[in-house]
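Following: one structure in structure tokens, then a few remarks.
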Amino acid sequence: MSHHPVNHPARPTYRALAGFIGLYLVIFGGLAAAKTAGGDIFAQDDTRVLWQGVNFASAVLFGALGVLVLAGVGLGRNIDVLINKWLGGWFLIALGLGSLALQATDVNYLNFDPITCFVSMVLGLLLLAAGMYGKVGSEEDVEAWQRARLVL
């Protein structure tokens, strides 16, 4: 996309931010899986890890998404940009807003509470920012982006 900066000066900072988010998700998923192991996979109880409502299904989901973010950061080459954009939007809309709408119902299969929804939205916004400013390209890509920016 021509309106996304290429070789932004803060790119390493955003890549590190995505790495920290992936690390947080892996640690959180591991702690939650350890606490909820042996129980019902989709339990809807008061189990909390780091003040967030969890069950075994949400623990596995967060851990897997954290591994995916870390793999993208490790691979680089704009693969991380694609992963961060998609997962950022998914965290924001599906996990954040979707779970917020379903939390007081019997369909709350991931056992989210308002704090978990809020954390998912914040992580989604941060991953989206990392995806928007993490693009790497050649000098020709930078010049094309500058020309497109001047036209707009």
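Keep in mind that the numbers below use all heavy atoms, side chains included, and drop hydrogens, waters and symmetry copies. Positions are given from 1, in the same order as the sequence printed here.
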Can you name the nearest heavy-atom pair linking [X] to [Y], along with the distance?
X	Y	value
Thr116	Gly53	OG1-N, 3.0 Å
Gly131	Lys85	O-CE, 3.4 Å
Ala130	Asn84	CB-ND2, 3.9 Å

Just how far is it from atom [atom1] of [X] to atom [atom2] of [Y], taken to the nearest 0.5 Å?
X	Y	atom1	atom2	value
Leu128	Leu87	CG	CG	9.5 Å
Leu75	Ile83	CG	CD1	7.0 Å
Ser99	Ile93	OG	CD1	12.5 Å
Leu70	Ile21	CG	CD1	10.5 Å
Leu102	Phe112	CG	CZ	10.5 Å
Tyr109	Phe42	OH	CZ	8.5 Å

Mark yes when over 12 heavy atoms from residues, nucleotides or ligands other than Ile79 sit less than 6.0 Å from its CD1; otherwise mark no. yes
Mark yes or no for whether [X], through its side chain, and [Y], through its backbone, hold a donor-acceptor pair below 3.5 Å.
X	Y	answer
Gln44	Asn108	yes
Lys35	Arg48	yes
Asn111	Asp45	yes
Ser120	Phe91	no
Asn78	Val81	no
Thr36	Ala32	yes
Asp113	Gln52	no

Taking only residues two or more places apart in sequence or in another chain, which ones pass ring-ring contact (aromatic ring centres under 6.0 Å, His included) with Tyr24?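 For Tyr24 the ring-ring contact (aromatic ring centres under 6.0 Å, His included) partners, ignoring immediate neighbours, are Phe28.
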Leu65 versus Trp90: any side-chain heavy-atom pair under 4.5 Å? yes
Are any of the side-chain heavy atoms of Asn55 and Ile41 separated by less than 4.5 Å? no
Is there a chain of hydrophobic side chains (I, L, V, M, F, W, Y, each step under 4.5 Å between heavy atoms) that links [X] to [Y]?
X	Y	result
Val49	Ile115	yes
Trp86	Val67	no
Val122	Val69	yes
Leu123	Leu50	yes
Val136	Leu17	no

Please enumerate all residues that pass salt bridge (Lys or Arg N to Asp or Glu O under 4.0 Å) together with Arg15, with sequence neighbours excluded.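 Arg15 satisfies salt bridge (Lys or Arg N to Asp or Glu O under 4.0 Å) with Asp80 once adjacent residues are dropped.
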Going by the side chain to side chain contact (heavy atoms under 4.5 Å, CB included) test, name the single residue among Ile27, Leu95, Val26 that passes it with Phe62.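 For Phe62, the side chain to side chain contact (heavy atoms under 4.5 Å, CB included) check succeeds only for Leu95.
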